[in-house]
S.K.: 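Just dropping this structure here.
Side chains are part of it too, since the values below use all heavy atoms of this structure and drop only hydrogens, waters and symmetry mates.
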Amino acid sequence: MQDLVLTLQLAAHGDRFGAMVSAALAAEAGSLLGAALEQYLTDPAGDGTVYDAPAAFEAFIRGGGNVGLYQRTSAALAATYRDVRPTTLLEIGCGDGLALLPALDAAGGAAPTSVELVEPSAALLGQCTAALAARDISVTTSGPGTLQDRLDNSDSSWDLAESSFALHALEPTVRTEQLRRLAPRVRRLVLVEFDVHVPEPGTDAHVRELAIRYEKGLAEYTDTRDLVAQGFLAPVLIGQLAPDAPRATWEQPREAWAAQLAEAGFTDITTEDVSPYWWSPAFVLRATGRA
């Protein structure tokens with residue numbers, strides 16, 4: 001663990017070569033994450049953007065603890081449909097539909113009849129759109145794009161907006177602004193996110209906690225371990241630390257999520273647990289918009 005922690009400390013200080021050497025020592029000591037980071041730091045897969053070529057992401061969400069996590073997430077979304085009875089749904093960050101599609105199926109007659117998809121990855125959007133086309137649901141998409149693109153180019157409003165593990169990809173000030181723009185255009189909002197409590201970024205305790213959690217998460221994969229590590233987990237981890245790496249996530253505790261939604265103009269905010277997970281527990285947040 002000492003060599004693994006040193007790897008992340010060196011990466012955070014921009015010493016890629018030193019981090020690579022330390023990762024090799026961690027790998028020799030038996031660390032799966034050390035071996036993955038040695039390979040990634042030596043020869044990075046892609047440019048650090050983890051959704052444009054999403055094979056690794058798709059393998060990641062279909063393995064390990066994600067299997068139970070996504071099952072419980074879909075159940076939470078379906079419960080929301082039964083409560084809200086939406087006709088129109090804005091799905092923010094649909095991915096390939098792994099959370100959305102089972103939720104629609106489970107909700108039966110309470111599922112929305114019109115779904116608008118927002119997804120920046122053309123590959124993931126295409127898969128989700130094709131899957132929805134087989135159901136008796138009206139599907140709308142303007143092509144790959146972000147929530148900002150959708151709000152800029154449409155004056156539509158929706159009964160329900162939802163997002164599962166997607167809004168943490170927005171830098172916090174950008175996220176607040178987009179949520180503020182969204183609030184007057186939705187009746188209800190449901191988010192599923194991670195309740196992330198970690199030590200202060202930049203501290204030794206922080207990098208040690210990252211090392212422990214990512215080692216545990218990577219160990220859940222066998223046949224797809226290399227793909228998941230090189231195409232997803234390693235770039236997400238290094239992106240949180242290295243000054244020259246693209247960052248993929250800005251996560252926070254559930255209390256911060258609730259405060260951010262309130263600042264953006266949402267009311268009646270509630271949260272409840274969804275699932276334990278190796279990274280952080282998942283929770284569902286429900287709120288009322290101003291549409």
S.K.: Sub-3.5 Å donor-acceptor pair from the side chain of Arg185 to the main-chain atoms of Leu151, do we have one?
M.R.: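 Side chain of Arg185 to backbone of Leu151: a pair is present.
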S.K.: Can you tell if the side chain of Trp279 reaches within under 4.5 Å of the side chain of Val196, non-hydrogen atoms only?
M.R.: yes
S.K.: Are side-chain N/O atoms of Ser114 and Glu116 paired as donor and acceptor at under 3.5 Å?
M.R.: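 Short answer, no.
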S.K.: Pairing donors with acceptors under 3.5 angstrom, does anything connect the side chains of Arg187 and Thr288?
M.R.: no
S.K.: Output the distance between atom CG (Asp195) and atom CD (Glu255), rounded to the nearest 0.5 Å.
M.R.: 6.0 Å
S.K.: Spell out, as yes or no, whether a donor-acceptor pair under 3.5 Å connects the side chain of Asp96 to the backbone of Gln127.
M.R.: no
S.K.: Quick one: do Leu227 and Leu33 end up in the same hydrophobic cluster if we chain Ile, Leu, Val, Met, Phe, Trp and Tyr together by side-chain heavy atoms under 4.5 Å apart?
M.R.: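 Cluster IDs for Leu227 and Leu33 differ.
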S.K.: Is the shortest heavy-atom distance from the side chain of Val5 to the side chain of Met1 under 4.5 Å?
M.R.: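 In contact.
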S.K.: If only atom types and distance count, is the side chain of Thr249 paired as donor or acceptor with the main-chain N or O of Ala169 below 3.5 Å?
M.R.: no
S.K.: Counting only N and O atoms by type, is there a donor-acceptor contact under 3.5 Å from the side chain of Arg286 to the main-chain atoms of Thr270?
M.R.: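 Pair absent, no side-chain N/O of Arg286 close to backbone of Thr270.
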S.K.: Would you name the heavy atoms of Glu220 and Gly65 that are closest together and state the gap between them?
M.R.: OE1-N, 2.6 Å
S.K.: Kindly give the heavy-atom pair with the smallest separation between Arg290 and Pro184, and that separation in Å.
M.R.: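 Scanning both residues completely, I find the closest heavy atoms to be NH2-CG, 3.2 Å.
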S.K.: Test Arg254 against Asp273 for salt bridge (charged side-chain N to carboxylate O under 4.0 Å, His left out), laying out the working first.
M.R.: CA-CA 10 Å; Arg254 75 167 73 188; Asp273 295 338; 2.3 Å; yes
S.K.: Do Ser280 and Arg213 make a side-chain contact, defined as non-hydrogen atoms from C-beta onward lying under 4.5 Å apart?
M.R.: yes
S.K.: Does the pair Asp105/Arg135 count as a salt bridge with the N-to-O cut at 4.0 Å?
M.R.: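 Salt bridge present between Asp105 and Arg135.
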S.K.: May I ask you to check whether over 12 heavy atoms, not counting those of Arg208, lie within 6.0 Å of atom CZ?
M.R.: no
S.K.: Please determine, by modelled atom types, if Ser156 and Arg150 share a side-chain donor-acceptor pair under 3.5 angstrom.
M.R.: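 No pair is found: no donor N or O on one side chain lies under 3.5 Å from an acceptor on the other.
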S.K.: Quick one: does Arg175's side chain have a donor or acceptor within less than 3.5 Å of a partner on Gln260's backbone?
M.R.: no
S.K.: If I take atom CH2 from residue Trp278 and atom CG from residue Leu218, how far apart are they, to the nearest 0.5 angstrom?
M.R.: 8.5 Å
S.K.: At what distance, to the nearest 0.5 angstrom, does CG of Leu98 lie from CD of Gln71?
M.R.: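 Reported to 0.5 Å precision, the distance equals 9.0 Å.
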S.K.: Between Thr88 and Asp159, is there a donor-acceptor pair closer than 3.5 Å when you use the side chain of the first and the backbone of the second?
M.R.: yes
S.K.: Going only through I, L, V, M, F, W and Y residues with side-chain contacts under 4.5 Å, is there a path from Leu147 to Leu179?
M.R.: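 Result: yes, single cluster for both.
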S.K.: To the nearest 0.5 Å, what is the distance between CG on Leu132 and OG1 on Thr141?
M.R.: 10.5 Å
S.K.: Please check: side-chain N/O of Thr203 versus main-chain N/O of His206, any donor-acceptor pairing under 3.5 Å?
M.R.: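 Yes; judged by distance alone, with no hydrogens or angles, the pair exists.
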S.K.: Do Leu182 and Ile92 come close enough that some side-chain heavy atom pair is under 4.5 Å?
M.R.: yes
S.K.: Using a 4.5 Å cut-off on heavy atoms from C-beta on, say whether the side chain of Ile137 contacts that of Pro112.
M.R.: no
S.K.: Please output the side-chain donor-acceptor pairs of residues 228-237 that fall under 3.5 Å, not counting sequence neighbours, one pair per line with the distance.
M.R.:
residue, atom, partner, partner atom, Å
Gln230, OE1, Tyr40, N, 3.3
Gln230, NE2, Ala36, O, 3.0

S.K.: Crowded around Asn153 CG? As in, over 12 foreign heavy atoms under 6.0 Å?
M.R.: yes
S.K.: If we count only N and O atoms by modelled type, under 3.5 Å, do the side chains of Thr80 and Asp83 hold a donor and an acceptor together?
M.R.: no
S.K.: According to a hydrophobic-cluster definition based on side-chain heavy atoms being under 4.5 Å apart (Ile, Leu, Val, Met, Phe, Trp, Tyr only), do Leu90 and Leu167 belong together?
M.R.: yes
S.K.: List the steps, then state whether side chain to side chain contact (heavy atoms under 4.5 Å, CB included) holds for Phe60 with Thr224.
M.R.: CA-CA 8 Å; Phe60 171 67; Thr224 60; over 6 Å; no
S.K.: Show the nearest heavy-atom pair for residues Ala103 and Ser74, with the distance to one decimal.
M.R.: CB-O, 3.4 Å
S.K.: Are the side chains of Trp257 and Ile269 in contact, using a 4.5 Å heavy-atom criterion?
M.R.: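 The answer is no, as the side chains (C-beta and beyond) never meet within the 4.5 Å cut-off.
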S.K.: Carefully, step by step, assess Phe266 and Val186 under the rule side chain to side chain contact (heavy atoms under 4.5 Å, CB included).
M.R.: CA-CA 10 Å; Phe266 288 89; Val186 296; 3.7 Å; yes
S.K.: Please assess Leu125 against Cys94 for the test side chain to side chain contact (heavy atoms under 4.5 Å, CB included), listing each intermediate value before the final yes or no.
M.R.: CA-CA 7 Å; Leu125 179 63; Cys94 64; 4.2 Å; yes
S.K.: Can any side-chain N or O of Ser163 pair as donor or acceptor with the backbone N or O of Leu191 at less than 3.5 Å?
M.R.: no
S.K.: Restricting to non-hydrogen atoms, name the atom on Ala23 and the atom on Glu38 that form the minimum distance, rounded to 0.1 Å.
M.R.: CB-N, 3.6 Å
S.K.: In terms of the angle between their ring planes, are Phe194 and Tyr277 parallel, tilted or perpendicular, with boundaries placed at 30° and 60°?
M.R.: parallel
S.K.: Could you point out which residue of Leu89, Val192, Leu100, Val274 forms a side-chain contact (heavy atoms from CB on, under 4.5 Å) with Leu77?
M.R.: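 Among Leu89, Val192, Leu100, Val274, the one meeting side-chain contact (heavy atoms from CB on, under 4.5 Å) with Leu77 is Val192.
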S.K.: Looking at Phe57, is its backbone amide N or carbonyl O close enough to the side chain of Tyr51 to form a donor-acceptor pair, meaning the two atoms are under 3.5 Å apart?
M.R.: no
S.K.: Got a second to check how far Leu210's CG is from Ile212's CD1, nearest 0.5 Å?
M.R.: 9.5 Å
S.K.: Output the distance between atom CD1 (Ile61) and atom OH (Tyr70), rounded to the nearest 0.5 Å.
M.R.: 4.5 Å
S.K.: Applying the 4.5 Å side-chain criterion to the ILVMFWY set and letting contacts propagate, would Val284 and Leu189 be lumped into a single cluster?
M.R.: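 No, no single cluster joins them.
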S.K.: Crowded around His13 NE2? As in, over 12 foreign heavy atoms under 6.0 Å?
M.R.: no
S.K.: Find out whether Leu10 and Val21 are in side-chain contact, i.e. whether some heavy atom of one side chain is under 4.5 Å from a heavy atom of the other.
M.R.: no
S.K.: Hey, does the side chain of Glu162 reach the backbone of Val190 with a donor-acceptor pair shorter than 3.5 angstrom?
M.R.: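 No.
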S.K.: Show your working on salt bridge (charged side-chain N to carboxylate O under 4.0 Å, His left out) between Arg181 and Asp152 and close with a plain yes or no.
M.R.: CA-CA 10 Å; Arg181 296 179 64 196; Asp152 285 346; 2.8 Å; yes
S.K.: Specify the closest pair of heavy atoms between Pro86 and Ala110, including all atoms of both residues, with the distance to one decimal.
M.R.: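 Of all heavy-atom pairs spanning Pro86 and Ala110, the closest is CD-O, 3.9 Å.
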S.K.: Provide the closest heavy-atom pair for Leu4 versus Ser31 in the form atom of the first, atom of the second, distance.
M.R.: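 Reported closest heavy-atom pair: CD2-OG, 3.7 Å.
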S.K.: Indicate if Val207 and Leu6 have the same hydrophobic cluster label, given that clusters are the connected sets of ILVMFWY residues with side-chain heavy-atom separations under 4.5 angstrom.
M.R.: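 Val207 does not cluster with Leu6.
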